[in-house]
Structures are given as C-alpha cells and as structure tokens.
Amino acid sequence: MASSRPRGGSFSRNISSAATTQIPGVKLGPNGTSFLSSGIPDLDQILGGGFTLGSLVMVMEDPEAPHHMLLLRNFMSQGLIHKQTLLYASPERDPRGFLGTLPSPMASKEEKSHERPAEQDANLRIAWQYKKYFGEQNSEGQRGGKAEYCNDFDLRKPLERHFYSGQRVDCISLRDSPNLAPLLERCSTFSAQIAKSDDNITCASRIAIQSLCSPQCDFSDKDWEMLSFIRSLKGMVRSSGAVAVISFPPSLVSPAFLKRWQHLADTLISVKAIPDEDKELAKLLTGYQDMLGLLSVHKVARINTQVPAILEATTFSMKLRKRRALVLECLNQAPVDGSSGSSYGTSGSCSGSSKTGNLDF
C-alpha cells in the first residue's frame with residue numbers, strides 16, 4: 001500500500017517536531033535544533049540564532065568589571081517576557097532581590113525604528129520555498145500579538161514586577177551552602193517539572209548561575225565537586241527543554257580544571273573590561289570612547305551536526321545604543337595617520353588607494 005505522506009522537495013528542510021514552533025520564545029534552526037534568545041539581538045545573530053536549546057553556556061567573568069551581569073540580566077529578562085520558568089542561583093544572601101534589577105523592554109517606537117531594515121529585507125522577492133522558512137523564523141514573536149523572539153532591553157528601566165511575581169521563579173543562595181548538593185537537587189527538580197508531550201518539549205526554561213566559584217561560597221576550593229556539578233547539569237539540560245548559563249571568574253579556577261570547564265561548555269563566551277585611559281588602544285580602534293568592554297566567542301554549540309561553526313569575527317565591542325540598549329559591534333581599525341578612509345572592518349576591495357597607485361590583477 002502506497003504511503004500517503006507527501007513527498008518533499010530536494011531542498012526542503014527536515015523538521016522533526018512541528019510543535020516546537022508553538023513554544024513561546026523558541027525558534028527552529030537547522031539540523032532539527034531549536035534556539036532560545038540570549039536577550040541581545042546582536043549576540044543571537046553572531047551565534048546563528050541564539051543559545052541552542054538543551055545546551056550549557058559558560059561566561060568567563062572579568063574580575064575588574066561586572067560586565068557578565070549584563071548578559072545574565074538580558075538572558076533572564078527575555079525568559080520572563082516569554083513566560084518561561086527560571087532558576088537563578090547567586091552567592092548573594094538575597095538572590096530574589098536581583099530580579100528587581102532586570103531590564104525592561106524598550107518602547108515600541110524605538111523597537112520599530114530599530115527593526116525597519118529587517119522589515120525591508122522581508123519584502124524582497126525570493127522563492128516561495130525559502131520565503132516559507134524565513135517567515136517561520138522572522139515572524140515567530142509577531143504572530144497573534146505574542147512577545148518577540150528577542151527584545152531590545154532598556155538597561156535604565158527596571159522590569160515590571162508582574163513579569164516575575166506571578167510566575168514560577170526559583171531563587172537559591174549559594175553562600176550558606178557547604179556543598180553543591182542542594183543546588184544540584186534544585187536543578188534536578190526544576191528540570192523534571194518541564195512539561196513534555198510525546199517526547200516533544202511543550203515549554204522552555206532557563207537556568208542562570210552567577211559566579212559559581214566565588215570566594216563567598218564554601219565549596220569554592222572543591223574543584224572536583226564543581227566539575228562534577230557542571231557535568232551533571234549539562235546532562236540535565238541536554239535531556240530537557242532548558243538552557244543553562246553559568247558565569248565564573250577564570251582567575252579563581254586552577255589551570256588544569258579551567259581546561260576541563262571550557263571543554264564541558266557547549267558555548268563559551270568571555271567578557272573583558274577596557275581601561276578608561278588606554279591611549280594605544282584608543283589610536284588602534286574606532287569608537288573606543290563609546291566601548292564598555294570586549295566580548296569574545298570561543299566556542300559555539302553544535303548539536304546534531306559535526307560541521308564546526310565558522311564566525312567572521314570572534315571579538316566584539318560592547319556598547320550602549322542611546323545609553324540604553326546593549327549592542328555588539330565588530331572591531332574596526334582606526335584610520336592611519338588621521339586619514340579619512342573606510343575602517344578595516346568595512347574595507348572590501350583588494351586594490352585600495354595608495355601612494356604607489358592601484359594594484360592591477
């Protein structure tokens with residue numbers, strides 16, 4: 001008996017679960033993967049769609065500046081906007097008080113001005129097969145008045161209380177805990193409560209752990225225990241619809257264990273502060289005065305594929321657009337000798353102007 005299943009085209013994508021498209025804040029990716037937004041539009045674009053669902057993200061902190069907190073705040077706020085469950089662990093005595101510092105989405109007028117180029121790209125004439133796939137991704141957060149996949153957050157405006165007061169937001173303090181057993185148990189319970197239907201995830205959740213090996217924690221000198229916890233947490237999120245983000249100061253981890261931590265991470269990111277008065281760096285980079293710090297992407301999660309991710313750039317500058325929204329930009333070399341020319345990142349020609357004339361090929 002012939003099968004009634006319709007035959008797909010030669011370039012049609014294999015989408016294993018159509019229910020994934022109905023999950024708030026989840027976007028389909030290639031090879032059957034799904035993404036959760038990091039809360040930073042530029043970072044989502046760099047990573048190819050955001051944080052892979054079921055992955056472990058590790059952020060290496062800078063001891064001189066708390067720039068990693070910007071990533072955690074946007075990550076947590078984006079989840080609360082999509083009404084996703086959240087687990088937050090911190091070495092502070094009152095981690096729930098940190099929820100009051102989460103940023104709020106920017107006003108609709110500012111969002112429309114920021115998204116105008118994307119709307120123009122959507123009007124391009126493309127093949128109906130590709131247009132169908134692009135429509136699934138670009139209109140994910142605009143269908144039926146739902147929250148957008150990734151918002152621009154105003155770092156100067158706190159998130160409204162109703163976003164996290166009526167939801168299941170679990171907060172745990174790491175300061176008074178002699179070991180990581182309570183945190184591991186809470187993470188296990190949190191992951192087990194994620195609803196599933198026929199082995200398909202029907203909701204997504206987020207886990208954010210701040211400064212895992214902080215000196216304020218009693219287990220900060222137990223290297224093997226922390227390594228075992230990271231390995232167990234990675235297995236939990238891989239089998240559930242969650243993304244875990246762990247920030248840690250690499251200077252407090254022994255070099256041998258630091259390599260193991262980095263190997264366990266699916267996505268590895270580091271942030272670094274920029275000195276206020278670095279004249280050499282100011283001459284080298286354009287827009288140095290507007291930079292908050294540097295963000296480097298060392299590893300990108302690759303699930304269900306063996307093809308490595310090749311990024312156009314691995315280090316980006318962290319800036320504030322209109323002193324509100326966090327943006328990432330490629331590093332551009334400043335013009336040499338004060339000449340007015342295109343920056344290093346935007347130069348695309350092989351035969352540029354020079355004193356010896358144009359180069360002919």
Side-chain angles (χ1 to χ4, degrees), residues 5-57 74-75 78-86 115 117-119 121-124 126-152 191 194-207 234 237-245 266-267 297 299-311:
R5 185 175 58 183
R7 181 179 179 182
S10 59
F11 52 86
S12 62
R13 294 190 309 175
N14 182 18
I15 301 176
S16 59
S17 175
T20 311
T21 59
Q22 305 299 327
I23 305 176
V26 176
K27 182 173 67 173
L28 287 174
N31 305 314
T33 59
S34 302
F35 294 103
L36 284 184
S37 174
S38 64
I40 305 174
D42 294 329
L43 184 57
D44 288 349
Q45 184 177 2
I46 293 170
L47 298 178
F51 294 148
T52 305
L53 197 66
S55 65
L56 175 64
V57 182
N74 283 35
F75 173 73
Q78 190 65 69
L80 295 176
I81 293 296
H82 290 138
K83 298 181 179 180
Q84 297 169 351
T85 54
L86 173 66
E115 294 172 356
E119 294 178 356
D121 295 339
N123 294 328
L124 296 177
I126 54 180
W128 67 268
Q129 291 90 345
Y130 295 103
K131 186 175 181 179
K132 178 178 64 176
Y133 299 144
F134 290 157
E136 290 175 356
Q137 298 179 3
N138 296 337
S139 61
E140 174 66 24
Q142 302 173 0
R143 201 175 297 155
K146 296 181 181 179
E148 303 207 358
Y149 173 72
C150 186
N151 297 89
D152 283 324
S191 300
I194 299 176
K196 292 186 178 181
S197 176
D198 298 332
D199 295 332
N200 294 327
I201 300 167
T202 58
C203 69
S205 60
R206 303 184 182 220
I207 299 176
K234 181 177 181 178
V237 297
R238 182 74 87 240
S239 60
S240 64
V243 171
V245 176
D266 294 311
T267 299
V297 180
K299 186 193 296 186
V300 180
R302 305 297 290 171
I303 299 179
N304 300 334
T305 180
Q306 296 181 352
V307 180
I310 301 177
L311 304 180

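Residue numbers run from 1 in the order of the sequence given. Worth knowing before you read on, the calculation uses all heavy atoms, side chains too, and leaves out hydrogens, waters and symmetry mates.
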K.L.:
State whether the side chain of R206 and the backbone N or O of Q84 hold a donor-acceptor pair below 3.5 Å, judged by distance alone.
P.N.:
no
K.L.:
What are the two closest heavy atoms between V300 and V297, and how far apart are they?
P.N.:
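In this case the closest contact between V300 and V297 is CG2-CG1, 3.7 Å.
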K.L.:
Checking salt bridge (Lys or Arg N to Asp or Glu O under 4.0 Å) against D266, which of R302, K299, K234 comes through?
P.N.:
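Among the candidates, only K234 passes.
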K.L.:
As a test of understanding, state which of F75, F51, Y149 forms a side chain to side chain contact (heavy atoms under 4.5 Å, CB included) with S37.
P.N.:
Y149
K.L.:
What is the minimum heavy-atom distance between A244 and V237, and which atoms define it?
P.N.:
CB-CG1, 3.8 Å
K.L.:
Calculate, to the nearest 0.5 Å, the distance between atoms CD1 and OG belonging to I207 and S240 respectively.
P.N.:
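Reported value, rounded in 0.5 Å steps: 6.5 Å.
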K.L.:
Report the C-alpha distance between L36 and Q78 in whole Å, list the side-chain angles of each, state the deciding distance to 0.1 Å, and finish with yes or no for side-chain contact (heavy atoms from CB on, under 4.5 Å).
P.N.:
CA-CA 9 Å; L36 284 184; Q78 190 65 69; over 6 Å; no
K.L.:
Taking the side chain as everything from C-beta on, heavy atoms only, tell me whether R238 gets closer than 4.5 Å to I303.
P.N.:
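Yes, their side chains come closer than 4.5 Å.
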K.L.:
Heavy-atom distance under 4.5 Å between the side chains of V243 and L53, does that happen here?
P.N.:
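V243 vs L53: side chains touch.
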K.L.:
Can you check whether S38's main-chain N or O pairs, donor with acceptor, with D44's side chain at less than 3.5 Å?
P.N.:
yes
K.L.:
Between atom CD of Q45 and atom CG of L47, what is the distance when rounded to the nearest 0.5 Å?
P.N.:
10.5 Å
K.L.:
Whether the side chain of T267 engages the backbone of A301 through a donor-acceptor N/O pair (distance < 3.5 Å, no angle test) should be reported.
P.N.:
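Between the backbone of A301 and the side chain of T267 there is a qualifying donor-acceptor contact (under 3.5 Å).
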K.L.:
Taking only residues two or more places apart in sequence or in another chain, which ones pass side-chain hydrogen bond (donor to acceptor under 3.5 Å, both in side chains) with S205?
P.N.:
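Scan of S205 (side-chain hydrogen bond (donor to acceptor under 3.5 Å, both in side chains), adjacent residues dropped) gives none.
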K.L.:
Please examine the side chains of F35 and T52, heavy atoms only from C-beta on, and report whether any two atoms are closer than 4.5 Å.
P.N.:
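Counting from C-beta outward, T52 and F35 do come under 4.5 Å.
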